[in-house]
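To start, the structure itself, in structure tokens.
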Amino acid sequence: MITPGQKVIQQWYKQKNWHQFPFQKEMETVYLAGFSGLLNAPTGSGKTFALFLPFLADFINKHPDYKTRQNNGLQMLWITPLRALTNDIRKAMQEVCDDLQIPWKIATRTGDTPAAEKAALKKKLPEVLLTTPESLHLMLAQKEYPKIFQSLQVLVVDEWHELLGTKRGVQVELGLSRLKALGAVGGEQFSVGSSQVAVGRQSAVGSRQLADSNDYEKSQLETANWKLPTENCQLKIWGISATIGNLEQAAEVLLGTDFPPDKIKMVRANVDKKLVIESIIPENIENYSWAGHIGLKLLPQVMEIVAKSKTTLIFTNTRSQSEIWYHAILDNYPEYAGIMAMHHGSLDNELRNWVEQALHAEALKVVVCTSSLDLGVDFRPVDTVIQVGSPKGVARFMQRAGRSGHHPGAVSKAYFVPTHSLELLEGAALKQAIKQGIFESRDPMLLAMDVLIQYMVTLAVSDGFRADELYNEVITTYAFADLRRNEYNQLLDFITNGGKTLAQYDEFLKVEVENGLFKVFSRRVAMRHRLSIGTITSEMSIRVKWLSGGSLGTVEESFISKLKPGNTFWFAGRSLEFVRIKEMTAYVKKSNAKKGMIPSWNGGRMPLSSQLSAVFRDKLDEVAHGIEKDIEVIALKPLFNLQQELSHLPQSHEFLIESFKSREGHHLLFYPFEGRLVHEGMASLLAYRISRVRPASFSIAMNDYGFELLTDEDVPIEQVLEDADFFSIDNLLEDIQHSLNANEMARRRFRDIAHIGGLVFTGYPGQQVKNKHLQASSSLLFDVFSEYEPDNLLVRQAYNEALAFQLEEFRLRAALQRIAKQNIILKVIERPTPFAFPIMVDSLGRERLTTESLEDRIAKMARQYGAEGVAGNENKKVRKVGVTRKKGF
DNA sequence: GACCTGCTGCGGTATG
């Protein structure tokens with residue numbers, strides 16, 4: 001039987017003429033939430049409708065008077081990680097409501113929402129509110145916030161995979177725990193008993209997150225069981241996620257530990273969208289660079305593809321690389337001026353918005369970008385995606401590939417452009433991983449005390465909280481399930497009394513206790529707290545502005561400090577002359593200079609993911625066994641032959657170490673193929689362990705495939721290797737403590753933690769506290785805590801974070817265990833091998849201050865060692881990197 | 001103040 005609501009909605013679908021809808025026959029039931037067919041909804045936001053339309057249908061059924069019904073209160077809260085998404089979804093939802101003559105208001109509440117609108121939202125609530133994790137917490141910091149959520153029926157967390165694994169995710173967990181508890185005690189008899197999660201799956205193209213189904217019959221069954229909201233309904237929680245390695249865990253994290261596991265529902269789709277991946281093979285592989293990361297040598301091939309495509313996105317790994325590529329295209333293909341744009345995180349928002357709109361309007365032929373474009377609004381006209389350099393992870397590549405081919409039945413096409421020879425093998429590994437459906441997991445963050453402190457003060461700012469109640473609530477979250485009561489008490493003590501060490505500083509005594517209620521009474525404290533809600537911290541940057549007004553974006557202070565007035569540089573795709581700097585703003589004017597420095601930014605480091613590393617090692621094993629089924633492997637044959645000839649091609653049960661003597665000293669090269677971060681830790685660890693046998697001082701260099709230890713001493717490597725402890729995980733932590741400056745690493749981590757935990761105030765908007773002061777104060781706090789409060793939870797967190805994220809301790813451990821079981825193949829080599837060369841180039845770059853360009857030096861090195869591959873003319877590096885390498889073990 | 005190739009993301013001041 002079709003209910004009136006379903007009928008209305010069906011009618012709507014028919015009017016919209018969604019012929020292409022892949023699940024058309026399933027449309028007969030309107031309760032189709034979760035089906036990916038909506039992918040092809042004209043608005044491009046299928047999942048929105050998958051969840052929203054059934055919800056509307058139910059509302060209509062429950063309220064025959066829905067057209068006149070007023071004051072429904074907040075029905076649905078939709079949380080997304082991106083402000084930009086809220087606007088898209090709002091428009092789409094509002095359109096449906098208007099069409100169906102449902103007098104619902106759909107609103108957004110983010111940092112972009114004008115103050116007047118925010119005030120209006122407080123007075124009269126919309127039926128649907130779209131917001132961000134940060135804004136949700138700002139709402140929780142409002143007086144009488146429970147009123148807002150009184151009538152809430154459904155909570156949707158969109159793009160959950162983006163939040164999971166971050167402190168923003170923890171923020172969402174905490175926010176949800178509060179809303180769940182509100183429901184449980186509220187007058188409307190909320191309970192979370194029937195909450196559901198639809199963890200959707202990215203289609204094979206990975207374009208958008210689809211709520212969809214793996215096994216159609218099964219999901220139909222599940223659909224039948226769904227209970228939609230009723231008048232005295234229970235709060236429902238939905239999560240929407242791309243495919244990640246740990247979807248089940250993702251659901252558990254979202255719903256919390258108090259959620260009955262048998263009530264969790266997974267809905268996935270099996271839309272098989274074709275994805276074609278093609279590696280660009282350099283024409284003459286023997287002349288292709290062995291090292292480098294810009295990849296401009298393949299510009300001609302890339303531009304051929306661009307010319308053949310309608311609209312192309314060129315993804316690069318760094319902002320600087322985007323600028324370099326944009327510049328190179330403009331230089332060599334001037335006809336693209338006007339139909340090409342650039343998009344990355346340091347460009348002014350206005351410019352970025354313009355690019356996004358121009359993409360929609362099909363006014364652009366090609367956009368060079370970073371991951372700033374791999375999430376968010378759909379860019380329908382894009383038919384081709386080109387990835388320059390290794391994407392470092394399977395999921396990231398899928399996400400980007402999915403930006404192309406957004407039509408029913410369309411094939412998504414993605415090209416992979418290697419920036420050096422061996423990277424081509426990553427192309428083969430990527431294809432293999434995608435074929436096997438191997439995706440990275442997002443590991444949820446646990447016990448992030450800084451986020452918890454912030455949350456506790458947030459609640460104290462609004463209506464206050466009671467210690468026991470809040471504790472019981474907090475431990476229902478996945479993140480704090482293991483929070484011990486005495487730890488919680490420490491935090492309470494910290495926000496009320498400043499803990500053990502800060503008691504005499506008023507600044508840290510934020511919260512007062514009155515009749516058991518923890519509350520903030522100071523307006524100043526409350527205001528400052530609201531100003532600093534959120535978990536994203538960033539470095540101070542310098543705004544770049546035209547003399548005539550108008551902003552271009554931001555660069556780093558260190559870059560600007562290298563410029564003198566009159567110097568020219570390239571930024572935002574333009575040639576600029578630096579005029580002066582005033583109040584954190586660099587003023588520039590137009591320049592006609594053809595050449596100039598290109599800024600670079602210090603961002604996060606992205607090591608090769610452990611999943612992709614594993615597949616890469618598999619590929620290498622195939623190579624060692626002479627299996628040649630991938631075109632990449634076939635193309636790389638000369639390189640591998642040379643490697644075999646000069647040294648060895650390790651099989652999966654072998655671990656290769658190369659030993660090599662040069663004027664510089666004794667080089668030892670190790671190849672775990674585990675990503676940079678692990679290599680960095682392992683290099684320090686092994687250097688330390690060697691130095692126990694024979695004291696020596698090492699310099700370290702590394703890339704994603706291996707690392708080098710260089711020393712003046714003649715290291716008795718055979719003897720060292722005989723030592724059973726060399727690759728052992730025994731005493732790992734102690735040895736790491738000895739070999740790395742763990743204190744410094746933790747101190748750096750602590751800066752962000754202090755910021756998030758509200759220990760340092762970053763200043764009022766527009767008049768930020770100088771970076772130096774922040775550093776000094778967080779560093780001081782770190783020292784004070786370390787000295788007087790050894791059990792301080794925030795300091796402990798800093799060490800844990802350094803270990804987990806900077807050292808990837810877990811991976812390091814696994815890698816050592818693997819190596820311990822492998823046969824060690826020690827090869828004394830005459831000259832650098834194809835494996836060794838790129839690592840040694842890596843060390844070249846930062847070895848010493850020099851006026852020689854890196855390019856020249858690589859060429860020189862190639863000549864010197866007679867290596868066949870020569871790094872191309874691509875290293876137009878601006879930054880003269882010239883700091884001594886790590887010394888001192 | 002360290003990173004040396006290195007991404008993304010969010011907030012926001014107050015009165016009659």
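Each chain gets a letter, A, B and so on, in the order the sequences are listed, and its residues count up from 1.
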Give a yes/no on whether any side-chain N or O of A/S320 is located under 4.0 angstrom from OP1 or OP2 of B/dG6.
no

Within the 4.0 Å heavy-atom criterion, would you say A/L163 contacts the bases, only the backbone, or no part of the nucleic acid?
nothing

By the 4.0 Å heavy-atom rule, please label A/R747 as base, sugar-phosphate, or nothing.
nothing

Which listed nucleotide (B/dC10, B/dC7, B/dT5) is nearest to the side chain of A/S371?
B/dC7

Between B/dG11 atom P and A/Q142 atom CD, what is the distance in whole Å?
14 Å

Most 5' of A/D704 and A/T110 on DNA chain B, judged by nearest nucleotide:
A/D704

C1' atom, B/dC7 versus B/dC3: distance in rounded Å?
15 Å

Check for a donor-acceptor pair, side chain of A/W325 on one end and backbone N or O of A/S320 on the other, with a separation under 3.5 Å.
no

Do A/F315 and A/F397 make the cut of ring centroids closer than 6.0 angstrom?
no

At under 4.0 Å between heavy atoms, what does A/R352 touch on the DNA or RNA strands: base, sugar-phosphate, or nothing?
sugar-phosphate

Roughly how many Å is it from CE in A/M606 to P in B/dC3, rounded to a whole number?
18 Å

If I take atom CZ in residue A/R749 and atom C1' in nucleotide B/dA2, what distance separates them, rounded to the nearest angstrom?
14 Å

Does the ring centre of A/H137 sit less than 6.0 Å away from the ring centre of A/Y455?
yes

NA contact type, A/S135, heavy-atom cut-off 4.0 Å: base, sugar-phosphate, or nothing?
sugar-phosphate

Does a side-chain N or O of A/N602 approach OP1 or OP2 of B/dG6 to a distance below 4.0 Å, or not?
yes

Dump the intermediate steps for side chain to side chain contact (heavy atoms under 4.5 Å, CB included) on A/L677 and A/Q806, then the final yes or no.
CA-CA 7 Å; A/L677 296 182; A/Q806 215 139 325; 5.7 Å; no

Give A/H137 one of three labels, base, sugar-phosphate or nothing, depending on what nucleic acid heavy atoms sit under 4.0 Å from its own.
nothing

Would one find a side-chain N or O of A/R605 under 4.0 angstrom from OP1 or OP2 of B/dC4?
yes

Assigned chi class of B/dT8 under the 90° convention is anti

Think A/R747 forms a cation-pi with A/F782, using NZ or CZ under 6.0 Å from the six-ring centre and within 45 degrees of its axis?
no

Output a table of nitrogen or oxygen pairs between the protein and nucleotides 13-16 of chain B separated by less than 3.5 Å.
| from | atom 1 | to | atom 2 | distance (Å) |
| --- | --- | --- | --- | --- |
| B/dT13 | O4 | A/P765 | O | 2.5 |

Distance below 4.0 Å between A/R530 side-chain N/O and B/dG11 OP1 or OP2:
no

Any donor-acceptor N/O pair, A/W78 side chain to A/I89 backbone, under 3.5 Å:
no

Of the nucleotides B/dT8, B/dT5, B/dC10, which one has an atom closest to the side chain of A/H344?
B/dT8

Which one, B/dC3, B/dC10, B/dG12, comes nearest to the side chain of A/R748?
B/dC3

Rounded to whole Å, how long is the line connecting atom CG of A/D752 with atom C1' of B/dT8?
15 Å

Would you please indicate yes or no on a ring centroid separation below 6.0 angstrom for A/F616 and A/Y705?
yes

Look at all strands and tell whether A/Q454 reaches a base, only sugar-phosphate, or nothing, counting heavy atoms closer than 4.0 Å.
nothing

How would you label the contact of A/R528 with the nucleic acid (heavy atoms, under 4.0 Å): base, sugar-phosphate, or nothing?
nothing

If you check the A/R109 side chain, which of B/dG12, B/dC10, B/dG6 turns out closest?
B/dG12

Tell me whether the OP1 or OP2 atom of B/dG11 has a side-chain N or O from A/T132 closer than 4.0 Å.
yes

Touch check for A/G534, heavy atoms < 4.0 angstrom, all strands: base, sugar-phosphate only, or nothing?
nothing

Please report, rounded to the nearest Å, how far the C1' atom of B/dG9 is from the CG atom of A/L347.
16 Å

Before accepting this row, confirm whether a basic side-chain N of the pair A/R543/A/D348 lies closer than 4.0 Å to the acidic partner's carboxylate O.
yes

Rounded to whole Å, how long is the line connecting atom CD of A/Q399 with atom P of B/dT8?
14 Å

Taking donor-acceptor contacts at under 3.5 Å, does the side chain of A/T370 reach the base of B/dC7?
no

Can you tell me the distance, in whole Å, between the CZ atom of A/R751 and the P atom of B/dG1?
10 Å

Using the C1' atoms only, state how far B/dA2 lies from B/dG6, rounded to an integer number of Å.
15 Å

Given 3.5 Å as the limit, does a donor-acceptor pair link the side chain of A/T80 with the main chain of A/L82, or not?
yes

Just the rounded figure in Å: distance from P of B/dG6 to CZ of A/R319.
9 Å

